[in-house]
Amino acid sequence: MSFYITTSISYVNGQPHLGHAYEAIATDVLARHHRQRSDDTFFLTGTDEHGEPVADAAKANGYEPREWADLNAEKFKALLPELGVEPDFFIRTSDPQHEQKVQDVLQRVYDNGYVYKGTYTGWYCPRCADFKVENEILEGNRCPIHEIELTKENEENYFFKLSAFQSQLEALFAENQGFVGPPRARNEAEAFLAGGLQDVSLTRAKLTWGVQVPWDHSHVFYVWFDALLNYYTALSYARANADLTERYWPASVHMIGKDILKFHTIYWPALLLAAGLEPPKGVFVHGFLQGADGRKMSKSLGNGLDPLDVTERFGADALRFFLLREVQFGSDGPVGMDAVANRYSAELANDYGNLASRTLAMIARYRDSDVSSRATDPELAAEFTGLPATVSAALDAVDLTGGLDQIWQRVRRLNRYVEEQRPWELARDEAAAARLDTVLASLHEGVRSLSVLLYPFIPAATAKVLAALGTPDTDYSAAAFGTHAAATARVEKIPPLFPKEPD
RNA sequence: GGCCCUGUAGCUCAGUGGUAAGAGCACCCGGCUCAUAACCGGCGAGACGCAGGUUCGAAUCCUGCCAGGGCUACCA
């Protein structure tokens, strides 16, 4: 089974921030999870580089657009390894192969009769040489930059017949209940659709930094169409000697933020249908992370959280874990460094890290590091039954927080198990030797299976634990409690996984 | 203007018709010693935003109101 997942591509005009990290991490977790399940997985991310803002910024800084894009794309690319995010390809919309493919697809849309020449009317600023959109215009129809009065001007544009897809999109929403998630986002998309679709302009005449319109070289495509197509074009050239389109299209999940919902749930499937291509199976809209005060993060409020500040202090695993644990995935929620520190200490260090430490230490101390071929406790095993299926079901529903919570309940369960069984007392009683074998083997197996399940969330730490347990297999088939009970397992003690910060 | 979301314990939240409303964190008390002074147990007199309504029964459905946030088509 193939699984193709994407993040939205980052607009290179801005700086990488926590929102980019959040989306990339969530997507990476799902990609890793599917790789564990041996699904044929492809994970795409990248940068969106065309359009007027980039051209303007480049000019203002004395660069050619392409040079400016090179400079900034590098920043986004460099963020990923800091987060433990490992995509299969990083697309840039200025890639010549992308541009070529965009032209191919949109030419098809044109040939299929979904493009016509029309007139775009808007408020125009002669000083900016640019159209302004309604919501940026000042009182009295003035330019937000020059504060001069704007004039209504017309520009000849090519339009995309979005309205022609009204009923097809309605059918798509009706037939594919999972097309947009969570339900809140789906409602918003359906409400928009119910309002009736209008055609949208597809090209720009006054701009050169974009993909040239093949049937009229005096236009470039409006950046959104160029950008959306990245999900499709990347497959055609991500691998030098293979076109992956057949293998992965249509996409399984497009992970996006709620600000671009309309483009991904309405324009995008319509565009694909117009080109005779299959629309994606799903679009999932994650929430926005807010400042610790519950307000939108902003420089002026100083309530932002820099992902690199977190990784520098606590590591990439901690950031990944924190973001998916702290805020219900799909909802907005507040985050701050104090909350990171709390989760790090209480959960990663005390719950999981310490569980690993005490388990390894007891096996080393009481059984000379060897718990191979010992039976596990059936009562404990019962409490782990079905866990891998529960977790994978949650992740299939893109409920990352829910899946993680299911796992964490068992992390807590294992710490309680230690207290209930009191291995240190069993160790003093020779008659309890068999029982101690069982208890230690059960702990070994419990930590091992949970580490397999946690691997997508905290890949570095779990890899260390699994290696220390002598069972490095991260395949999902190994996630079930009991899978490795009979295997040879010699453990090694390791330093604290999530060391406490010095006071 | 229209549409939508949120409002549950000190904090952050889960809980969408049914036994005495839950979790984590924080606080306090107790236990243990394998472990990163970690872990385990105990401890909540909460008007489930306010006011009505539907129902045998509502945090959970409906109406109105209050407070906060979002969307309302071509900025990405």
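Throughout, a chain's letter reflects where its sequence line sits, starting with A, and its residues are numbered from 1.
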Check the phosphate of B:U36 against A:Tyr352, side-chain N and O only, distance under 4.0 Å to OP1 or OP2. Yes or no?
no

Going by the rule side chain to side chain contact (heavy atoms under 4.5 Å, CB included), which residues pair with A:Gln409 if we only count those two or more places apart in sequence or in a different chain?
A:Asp405, A:Gln406

Could you check whether A:Gly287 gets within reach of a base, just the sugar-phosphate, or nothing at all, counting any heavy atom under 4.0 Å?
nothing

Any donor-acceptor N/O pair, A:Thr401 side chain to A:Phe329 backbone, under 3.5 Å:
yes

Any donor-acceptor N/O pair, A:Arg374 side chain to A:Ser442 backbone, under 3.5 Å
no

Between B:U36, B:A73, B:C32, spot the one nearest the side chain of A:Lys262, thanks.
B:A73

Of A:Asp351 and A:Asp199, whose nearest nucleotide on RNA chain B comes first from the 5' end?
A:Asp351

On a whole-Å scale, what distance lies between the C1' atoms belonging to B:U16 and B:C27?
33 Å

Once you apply a heavy-atom cut-off of 4.0 Å, does A:Asn187 come out as touching a base, just sugar-phosphate, or nothing?
nothing

Using atom CG of A:Asp332 as one end and atom P of B:C5 as the other, report the distance to the nearest whole Å.
14 Å

For A:Leu355, report the nucleic acid contact type (base, sugar-phosphate, nothing); a contact means any heavy atom under 4.0 Å.
nothing

With a non-hydrogen cut-off below 4.0 angstrom, is A:Ala191 in contact with a base, only sugar-phosphate, or nothing?
nothing

Taking A:Thr203 for its side chain and A:Tyr158 for its backbone only, find out whether a donor-acceptor pair lies under 3.5 Å.
yes

Distance, P atom - from B:C40 to B:C4, rounded to whole angstrom:
45 Å

Is A:Pro334 touching bases, backbone alone, or none of the nucleic acid, heavy atoms closer than 4.0 Å?
sugar-phosphate

Heavy atoms of other groups near A:Asp429 CG, more than 12 under 6.0 Å
yes

For the side chain of A:Tyr267, counting heavy atoms from C-beta on, which of B:C34, B:A76, B:A73 is nearest?
B:A73

Just checking A:Glu188: base, sugar-phosphate only, or nothing, at a heavy-atom cut-off of under 4.0 Å?
sugar-phosphate

A:Glu420 has an atom CD; how far is it from atom P of B:C32, in whole Å?
17 Å

In whole Å, I'd like the distance from the CG atom of A:Asn350 to the C1' atom of B:C32.
16 Å

Report the residue (A:Arg343 or A:Ser331) whose heavy-atom-nearest nucleotide on RNA chain B is the more 5′ of the two.
A:Ser331

What's the gap between B:C28 and B:C65 when it is taken at their P atoms, as a whole Å value?
46 Å

Measure the distance from CG on A:Asn342 to C1' on B:A26 and round it to the nearest whole Å.
9 Å

Would you indicate what A:Arg412 reaches in the nucleic acid, counting non-hydrogen atoms under 4.0 angstrom: base, sugar-phosphate, or nothing?
sugar-phosphate

Identify whether any heavy atom of A:Asp259 sits under 4.0 Å from a base atom; if not, whether one sits that close to sugar-phosphate; answer base, sugar-phosphate or nothing.
base

Under a 3.5 Å limit on both distances, the Watson-Crick or wobble mate of B:A35 is none

Please report the interatomic distance CG(A:Leu360) to CG(A:Leu469), rounded to the nearest 0.5 Å.
5.5 Å

Is B:C3 paired to anything, Watson-Crick or G-U wobble with both distances less than 3.5 Å, and if yes, which nucleotide?
B:G70

Just by modelled atom types, is the A:Val335 backbone N or O under 3.5 Å from a matching donor or acceptor in the A:Gln290 side chain?
no

Nearest-Å distance, CG (A:Leu261) to C1' (B:C5)?
14 Å

With a cut-off of less than 4.0 Å, is there a side-chain N or O of A:Lys258 near OP1 or OP2 of B:C71?
no

Options B:C34, B:A73, B:C5, nucleotide nearest the side-chain atoms of A:Glu419
B:C34

So A:Phe192, base contact, sugar-phosphate only, or nothing? Heavy-atom distance under 4.0 Å.
base

Atom pair distance, as rounded to whole Å: CZ in A:Arg365 and P in B:U33:
11 Å

When you compare B:U12 with B:U6, how far apart are their C1' atoms, in angstrom units rounded to a whole number?
14 Å

If you look at every strand shown and take non-hydrogen atoms under 4.0 Å, does A:Trp408 touch a base, only sugar-phosphate, or nothing?
nothing

Identified pairing partner of B:G18, criterion: Watson-Crick or G-U wobble below 3.5 Å:
B:C56

pair_partner(B:A51), Watson-Crick or wobble, both distances < 3.5 Å, evaluates to B:U63

Checking N1-N3 plus N6-O4 or O6-N4 for Watson-Crick, or N1-O2 and O6-N3 for wobble, each under 3.5 Å, the partner of B:G44 is none

If I pick the C1' atom on B:A58 and the same atom on B:C48, what distance separates them, to the nearest angstrom?
11 Å

Has A:Arg428 got a side-chain N or O lying under 4.0 Å from the OP1 or OP2 atom of B:U33?
yes

What is the separation between atom CD on A:Gln290 and atom C1' on B:G68, rounded to the nearest whole Å?
11 Å

By the 4.0 Å heavy-atom rule, please label A:Leu197 as base, sugar-phosphate, or nothing.
base

Between B:U12 atom P and A:Leu324 atom CG, what is the distance in whole Å?
21 Å

Can you tell me the pairing partner of B:C25 across any strand shown, Watson-Crick or G-U wobble, with both distances under 3.5 angstrom?
B:G10

Treating A:Asp370 as the side-chain partner and A:Ser372 as the backbone partner, does any N or O pair qualify as donor plus acceptor under 3.5 Å?
yes

Which nucleotide in the list B:C32, B:G24, B:A38 gets nearest to the side chain of A:Lys500?
B:A38

Whole-Å P distance, B:C50 and B:G10
14 Å

With sugar-phosphate meaning primed atoms plus P, OP1 and OP2, does A:Phe498 contact a base, only sugar-phosphate, or nothing at under 4.0 Å between heavy atoms?
base

Nearest-Å distance once atom C1' is located in both B:U60 and B:G22:
14 Å

Among B:A73, B:U36, B:A14, which nucleotide sits nearest the side chain of A:Gln328?
B:A14

Considering just the side-chain nitrogens and oxygens of A:Arg358, establish if one lies under 4.0 Å of OP1 or OP2 belonging to B:A38.
no

Rounded distance in Å between the C1' positions of B:U55 and B:C61
9 Å

Is the A:Trp68 ring parallel, tilted or perpendicular to the A:Tyr63 ring (thresholds 30°, 60°)?
tilted

Under 4.0 angstrom, heavy atoms only, what part of the nucleic acid is A:Gly51 near: base, sugar-phosphate, or nothing?
nothing

